[in-house]
Structures are given as C-alpha cells and as structure tokens.
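Presented below is the structure to which this report refers.
Keep in mind that this is a model prediction, so the values were computed, not measured.
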Amino acid sequence: MEQLAPHEKVFVDPSFIEEDKKHGNLGCTFCHGGDPNNPDYETAHSGVRKDPSYPDASGTCGICHTDSVKHYETSLHYTLEPYIRTIKMRSSRDNAKREKINTAMERHCLTCHSSCGQCHVSRPDPAHGGLLESHIFKKEPLMQEVCTSCHGSRVGPEFLGMNEGIPADIHRQKSYFKCTSCHSSVEMHGDGVEYANRYEVATAPECESCHRDVYTSQGENTTQHTIHKDKVSCQVCHAMPYKNCWECHVGTDDQGLTFFRTKATKMDFKIGLNPARDERHPEKFVTVRHIPVDFNTFSFYVEDGLSEFNMLPNWKMTTPHTIRRETPQNSSCDSCHGNESIFLSLEDVEEKYREANKEVIVPKELIPAKVGK
Amino acid sequence: MSKIIKDIYKFFIISILLILFILPVTLFADTSQCAECHTNPVKLIRITREYAQELAPLQSPEQEGEG
C-alpha cells in the first residue's frame with residue numbers, strides 16, 4: 001500500500017474537532033499533552049504523547065471506554081506474548097547471549113504491537129503510520145490500512161487473493177467479508193486471560209459457529225463432514241495452497257537502520273499432525289506452515305543465540321485464509337487418501353530440523369488408505 | 001420605530017453576534033494553536049518538508065523478501 005504523504009499523516013480534519021462530540025471537543029491536550037498556546041511547532045510539542053493510548057490507555061480512552069480498556073493489557077496485540085515465549089524457548093540458556101537476543105527482539109519484533117490508536121485512529125507504525133482518516137475515530141478498523149498492513153505477508157494476500165494462481169478466500173469473494181466480519185472486538189481487545197499461543201484465544205472465531213449445518217441433515221455434504229469430525233480440520237479439506245517462508249535474518253546497516261532478509265517463499269499445501277490438541281482444536285490432522293525463523297535469525301547479533309531452536313517445530317499448525325468450497329485435495333476422496341505428497345513427510349523437512357518437527361511429521365502408516373472413490 | 005431604539009437594537013444584535021463568534025475561540029483556546037496548524041494543509045506541507053530533511057528513513061534499503 002502506498003504511504004501517505006508526510007503532511008497527510010498529521011492532517012486533522014476540522015470536522016473531527018467540530019463534529020465528533022465524543023472525542024473532538026475534548027481538546028488536543030486532553031489526550032496528547034503539549035503546549036496549546038505556543039505557536040512555534042518545535043517547542044509546542046515538547047512533552048507530547050504521540051500515542052495517548054500506549055502503553056497505558058486508562059487515563060485517556062479508559063475514562064470512558066471502561067469495557068474496551070479493561071483487558072487491554074492481555075490482548076496479544078499488546079503483549080506479543082507468543083512471540084516472546086517462543087523465542088525464549090528457542091534461545092540459548094546463556095544469559096549474555098539472551099541479552100543480545102532481547103536487544104534484537106526489541107528492535108525487530110516487538111515494535112509490531114498495536115494499540116487502541118493504531119487500530120482505530122492511525123495506520124500502524126510498522127506500516128509507516130499516519131492518520132487513518134484525518135483523525136476521525138473509526139469504529140471498525142479498516143482492513144487494508146490497518147489489519148493487512150501488519151498481517152501483510154501471509155494472511156492478507158491469501159485472504160484477498162493476491163498470490164498468483166490462488167483465488168481469494170470464498171468469504172471475501174462471495175460475501176465481501178472483512179477481517180472484522182469474523183474477528184470481533186472482544187477477541188481484539190483481550191479477555192483478561194494471558195494466552196501463551198494465538199490458538200488458545202477463546203474468543204477467536206470458529207467455522208462451526210456460522211456453518212451450523214455441516215453436520216446436520218440440512219448440510220449438502222453431511223456424510224463426509226461427519227466421518228471426519230474432530231479428526232481432520234476444516235482447512236485440511238477447504239484451504240488452497242498458502243505461503244511458506246524460509247530463513248528470515250535480521251540486522252542493521254551502516255546507518256544503524258534495521259532490515260530483514262527472507263530467503264525464499266513458496267506457495268504450498270501440507271497436512272501435518274496437530275501437536276497440541278485442545279478443546280477448540282481436537283483434530284488429529286491440521287494444515288501446517290513453514291515459518292521464517294531459523295537457527296540463524298539473530299546471528300547478526302549473536303552466534304548460536306537460538307541454540308535451543310529445536311525445542312519447538314518450525315512447521316507450525318496454521319489456519320490459512322484461502323478457504324474454498326472446492327480444492328484440489330477435496331475433489332475426490334483419493335485426492336487425499338493415499339496421496340503422500342500432501343502430507344508432511346520426513347523428506348519435506350531439512351535434516352537438522354527433523355527432531356524439532358517429530359510431532360508434526362506424518363508417519364507413512366498414519367496416512368489414510370485409499371478408499372477407491 | 002424611533003432611530004435611537006433602532007440603534008440600540010443594532011448594537012444589541014452586533015454584540016450578540018460578536019459574543020457568538022468569540023465565545024468558542026476563548027472556550028477552546030486550549031486547542032487553538034494545535035488545531036490552527038494541524039487543520040492547515042499548506043502549513044503542514046511547509047513544516048513537514050523542513051522536518052523531513054532531519055528525518056532518517058525508518059527502514060534500511062537493504063530489506064529483502066517478505067516479513
């Protein structure tokens with residue numbers, strides 16, 4: 001997406017001040033501080049809070065929006081807890097090395113948090129910021145300016161059909177869904193539980209909550225759905241190929257500016273075993289995605305910093321946003337049953353990562369046998 | 001209507017109008033300089049140009065691939 005021009009990023013529409021009776025007439029200093037009587041922009045801004053909703057929103061938004069702010073600090077967009085935890089698990093146990101990893105994390109990963117303002121008032125900073133609509137508060141965060149400007153490598157292009165040869169998600173194409181059609185404010189605002197993994201979030205959407213008929217006689221494919229209930233995830237049959245990334249390495253250049261380099265991306269489809277079955281994800285078979293982190297992601301900062309990399313798999317359970325009614329693997333029973341090429345096998349995984357992925361790789365004997373249909 | 005009454009009337013109207021105009025400015029004086037500048041694209045263009053020269057780019061041009 002094209003960046004806003006520098007002046008557009010900070011232009012405030014007069015109608016925000018005159019017409020938004022809830023926020024606009026509170027006065028800029030109520031939220032931002034600074035000196036409103038000083039006509040010199042350089043000194044007037046001293047003490048200004050660029051984002052009045054981060055890290056603490058209780059004294060600004062929280063005065064009125066007590067519900068939205070209540071669990072803010074447990075929202076994964078605020079804490080980025082899963083990032084922190086998984087990198088910690090993969091990190092060397094040596095404290096000096098850990099320190100360096102933390103520095104790298106701070107610089108490259110943890111800037112990608114979101115705040116009330118970053119969803120409702122401005123574009124996110126990692127996507128060059130700037131006011132969404134000249135400071136007008138948007139109830140529904142805009143899909144492309146907000147959500148997919150952060151979720152812009154995998155989920156965004158998949159959902160919108162921007163990967164060559166792969167159509168848009170059926171929900172986008174048929175019903176013009178946006179992210180917020182399925183992802184609610186309750187999920188985005190947090191619910192007070194400190195989740196360690198994004199798939200633990202209890203308020204996340206579920207396919208069955210809208211598709212109530214898939215297991216009933218009203219459904220059009222009830223028998224097949226019922227046979228596979230709780231054994232095979234919906235995406236295993238309904239997802240088209242999705243993006244897999246390899247070798248993301250981060251560093252800084254001569255000027256001290258940050259960069260990342262990813263080696264390769266590949267559109268692919270793989271079924272793996274679910275290493276963490278839970279109530280919301282009881283299935284044995286799920287889609288898995290190769291993630292960009294590897295042993296050397298932080299090598300610019302420290303050698304062997306991620307020495308415990310293999311504590312966790314790097315083919316991870318995923319829920320691709322490439323849903324279609326008809327997919328290559330569901331076109332017949334035996335497009336899937338007995339089709340070894342779509343199940344994650346030992347050969348798909350580099351040797352040094354096999355141990356890490358042992359709970360995800362599908363042993364040949366678990367691949368369902370052909371049914372002759 | 002006699003002239004004097006007309007004049008008083010006029011004076012009255014003008015005073016009310018003046019109050020109506022000044023009141024909001026004084027009431028919201030708090031935001032005046034902020035709003036004055038942030039709602040004025042011409043000013044913002046000039047200032048952001050000045051400012052942009054001092055600002056380094058955020059990300060290195062050495063970036064490659066997808067994040």
Point to revise | More than 12 heavy atoms of other groups within 6.0 Å of A/Y83 OH | key: no
Practice item. Applying side-chain hydrogen bond (donor to acceptor under 3.5 Å, both in side chains), name anything that partners A/W246, two or more places apart in sequence or on another chain. Key: A/H290
Check your understanding: Could you give the distance from CD (B/Q63) to CZ (A/F260), rounded to the nearest 0.5 Å?
Key -> 4.0 Å
Practice item. Answer whether the closest heavy-atom distance between the side chains of A/D253 and B/P61 falls below 4.5 Å. Key: yes
Practice item. State, to 0.1 Å, how close B/C34 and A/C28 come at their nearest heavy-atom pair, and which atoms those are. Key: CB-SG, 3.6 Å
Check your understanding: Does CZ belonging to A/F137 count more than 12 external heavy atoms closer than 6.0 Å?
Key -> yes
Practice item. Could you tell me whether the side chain of A/V10 reaches within less than 4.5 Å of the side chain of B/H38, counting heavy atoms only? Key: yes
Review point. Less than 4.5 Å apart, any side-chain heavy atom of B/Q33 and any of A/P39?
Key: yes
**Study point:** With B/S60, the side-chain contact (heavy atoms from CB on, under 4.5 Å) member among A/L257, A/T252, A/T258
**Key:** A/L257
Revision key, fill the gap. dist A/K9:NZ -> B/L44:CG (nearest 0.5 Å) comes out at 13.5 Å
Point to revise | Per-residue contact mode, A/H45 against chain B (heavy atom under 4.5 angstrom) | key: side chain
Review point. When rounded to the nearest 0.5 angstrom, what distance separates CZ in A/F16 from OG1 in B/T39?
Key: 12.0 Å
Study note, to complete from the structure: Among residues 115-129 of chain A, residues within the sub-4.5 Å heavy-atom range of chain B, in order of number, are A/P126, A/H128
Point to revise | Heavy-atom proximity to chain B below 4.5 Å, by part of A/K243 | key: side chain
Review point. Checking heavy atoms, do the side chain of A/Y41, its backbone, both or neither come under 4.5 Å from chain B?
Key: side chain
Study note, to complete from the structure: In this structure, CD of B/E62 is separated from CG of A/D254 (nearest 0.5 Å) by 6.5 Å
Review point. How many angstroms lie between atom OG1 of B/T48 and atom CZ of A/F11, to the nearest 0.5 angstrom?
Key: 12.5 Å
Review point. Is the count of non-hydrogen atoms from other residues, nucleotides or ligands lying under 6.0 Å from A/R261 atom CZ greater than 12?
Key: yes
Review point. If you look only at pairs with a residue in residues 127-138 of chain A, which of them pass as a salt bridge (charged side-chain N to carboxylate O under 4.0 Å, His left out), with sequence neighbours excluded?
Key: A/E133-A/K138
**Study point:** side-chain hydrogen bond (donor to acceptor under 3.5 Å, both in side chains) partners of B/R49, counting only residues at least two apart
**Key:** none
**Study point:** Flag if over 12 foreign heavy atoms under 6.0 Å of NZ, A/K266
**Key:** no
